[in-house]
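Each remark here refers to the structure printed beneath this line.
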Amino acid sequence: MTNLGDLEIFASVVATGSMSLAGRALGFSPAVISKRIKRLEDRLGTRLLQRTTRQISLTEAGQGFYDRVLAILAGLEEAEAYIAGRSAQMQGTLKISAPTSFGRLHIAPHLKSFMQAHPDLAINLVLSDEFVDIVGGGFDIAIRIAELTDSSLVARRLAPVRRVLCAAPSYIETHGMPVDIEDLRRHICLPAHNHDPWRLDGPKGGLTFRPEGKLITNSSEVIREAVIAGFGIALRSTWDIGPELRDGRLVQVLPAYEGSHSVTLSAVYPTRQFLPAKVRVFIDFLTELYGPVPYWER
């Protein structure tokens, strides 16, 4: 099969009427241009160009070949323009995975404005507190609140995440306010639904505390309702319980300690190469929406 680059060189030589000018346009020396033209002619078994000291002209076979080469290159240009145009269009379906509470509170309310800006784009928002298989599940993007370690995926940070220890005033009135981390062991704690230990940053750096509690659930929202109801102490994100902290339904416990700051809100997608425009635009939308200081922290 003829090398596509040889066809482009041949067409450039004909268009400029000079190997030197074609070489200058394509970034090759005249000697390389001459060698590539000869290789093309040898492969085809016919002379395409008549060369003299003053000019280059097409042979009869060369003219017919040139006409067809122009059609091939024009078709290639059209194909590239089609792909570029298709990638730039906000069409089809954007399939998104997000944590249940966060998706309900901080994605769903803003979808109307995004979809009004892109009326030909459909949204499939799947909420789950489990880490889905992005590729296997056919997701374009996943919103995750975690310390990301999977190097096979690409992550873009959307916003910081601040997590605080908190309890209802009714719980504190009954059980007292903890005075230090070890004091938490005498309190009722509400572990996250996946029973992960609490990774905290404090005055002396990072530490890990494994909370013990009698409430077991697979729902982060159940833990949220339990801490508001005065059931115990929980580690919750401010995006989740900001209003309750502001109106006093919850109070911060041990304010010198917060959840590990290595946990962030991120958009995760399979690959950086050939990123669909719909994914890029949605990520830009969330980044601008949340900002460096998210609205739930203001």
Side-chain angles (χ1 to χ4, degrees), residues 97-103 105-106 127-134 142-168 171-172 175-228 231-242 244-245 250-268 286 290 292-294 296-297:
S97 168
T100 303
S101 296
F102 187 86
L105 293 171
H106 301 294
L127 301 183
S128 173
D129 289 329
E130 306 298 330
F131 275 15
V132 300
D133 179 354
I134 297 178
I143 307 303
R144 289 185 173 170
I145 302 169
E147 181 178 359
L148 299 178
T149 57
D150 187 349
S151 59
S152 67
L153 299 173
V154 182
R156 178 170 161 186
R157 184 177 182 271
L158 298 176
V161 172
R162 190 165 74 95
R163 296 174 300 149
V164 300
L165 295 165
C166 58
Y171 175 85
I172 299 301
H175 300 274
M177 180 70 78
V179 296
D180 55 35
I181 289 295
E182 285 304 311
D183 195 26
L184 284 179
R185 300 193 185 282
R186 70 174 183 84
H187 283 268
I188 301 171
C189 293
L190 299 171
H193 71 283
N194 52 14
H195 295 285
D196 285 343
W198 290 347
R199 296 182 60 242
L200 305 171
D201 286 336
K204 296 182 179 180
L207 61 94
T208 299
F209 178 82
R210 185 170 292 279
E212 299 292 338
K214 296 180 179 179
L215 177 60
I216 300 173
T217 176
N218 66 343
S219 170
S220 177
E221 293 192 338
V222 168
I223 297 296
R224 178 184 185 278
E225 296 306 314
V227 69
I228 293 173
F231 198 96
I233 297 173
L235 179 66
R236 304 300 298 176
S237 298
T238 53
W239 59 256
D240 190 31
I241 45 90
E244 288 75 18
L245 286 174
L250 289 175
V251 296
Q252 193 170 350
V253 173
L254 299 174
Y257 295 87
E258 292 189 351
S260 172
H261 298 147
S262 61
V263 173
T264 61
L265 174 69
S266 301
V268 179
L286 293 183
Y290 302 145
V293 180
W296 54 80
E297 289 282 0

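Position 1 is the first residue of the sequence; numbering continues from there.
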query = Val227 and Ile233: side-chain contact (heavy atoms from CB on, under 4.5 Å), yes or no, with the steps?
reply = CA-CA 6 Å; Val227 69; Ile233 297 173; 6.0 Å; no
task = Begin from the C-alpha positions of His187 and Tyr171 and carry the test side-chain contact (heavy atoms from CB on, under 4.5 Å) through to its verdict.
result = CA-CA 10 Å; His187 283 268; Tyr171 175 85; 2.8 Å; yes
query = Where do Lys214 and Ile188 land on the side-chain contact (heavy atoms from CB on, under 4.5 Å) test, with the steps shown first?
reply = CA-CA 8 Å; Lys214 296 180 179 179; Ile188 301 171; over 6 Å; no
request  = I would like to know whether Leu265 and Ile143 meet side-chain contact (heavy atoms from CB on, under 4.5 Å); could you show each step before the answer?
outcome  = CA-CA 7 Å; Leu265 174 69; Ile143 307 303; 3.5 Å; yes
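Classification of Arg236 and Glu244 as a salt-bridged pair fails, no side-chain N sitting under 4.0 Å from a carboxylate O. Between Arg162 and Glu297 there is a salt bridge, with a side-chain nitrogen of the basic residue lying less than 4.0 Å from a carboxylate oxygen of the acidic one.
To the nearest 0.5 Å, the span separating CD1 on Ile223 from CG on Leu235 amounts to 11.5 Å. In this structure, CZ on Arg199 lies 4.5 Å from CD on Glu147, to the nearest 0.5 angstrom. Note that the CG atom of Leu165 and the CG atom of Leu200 stand 5.5 Å from one another [nearest 0.5 Å].
Taking 4.5 Å as the limit, some side-chain heavy atom of Arg224 sits within range of a side-chain heavy atom of Asp240. Side-chain contact between Val251 and Leu245: absent, with no pair of heavy atoms (C-beta onward) separated by less than 4.5 Å. Looking only at side-chain heavy atoms (C-beta outward), Val132 and Ser97 come within less than 4.5 Å of each other. Put simply, the side chain of Cys166 does not reach to within 4.5 Å of the side chain of Gln252, judged on heavy atoms. For the pair Arg156 and Leu286, the minimum side-chain heavy-atom distance is 4.5 Å or more. The closest side-chain heavy-atom distance from Val164 to Val253 is not below 4.5 Å. Side-chain contact between Leu184 and Leu254 is present, with heavy atoms from C-beta onward closer than 4.5 Å. The closest side-chain heavy-atom distance from Leu250 to Ile228 is below 4.5 Å.
Between Cys189 and Pro211, the shortest heavy-atom contact is CB-CB, 3.7 Å. Gly103 and Ala98 make their closest contact through CA-CB, 4.3 Å (heavy atoms, listed as atom of the first residue, atom of the second, distance). Heavy atoms only, all atoms of each residue included: Arg163 and Ser237 are closest at CG-OG, 3.2 Å.
No donor-acceptor pair closer than 3.5 Å links the side chain of Asp201 to the backbone N or O of Glu258. Using a distance-only test at 3.5 Å, with no hydrogens or angles considered, a donor-acceptor pair links the side chain of Asp129 to the main chain of Thr100. Proximity of a side-chain donor or acceptor of Ser128 to a complementary backbone N or O of Glu130 within less than 3.5 Å is detected.
A donor and an acceptor atom, one from each side chain of Thr217 and Ser219, are nowhere located under 3.5 Å apart.
Using a 30° and 60° split on the angle between ring planes, His106 and Trp239 fall in the perpendicular class, above 60°.
The distance between the ring centers of Tyr257 and Trp198 does not fall below 6.0 angstrom.
Heavy-atom contacts from other residues, nucleotides or ligands closer than 6.0 Å to CG of Asp180 number more than 12.
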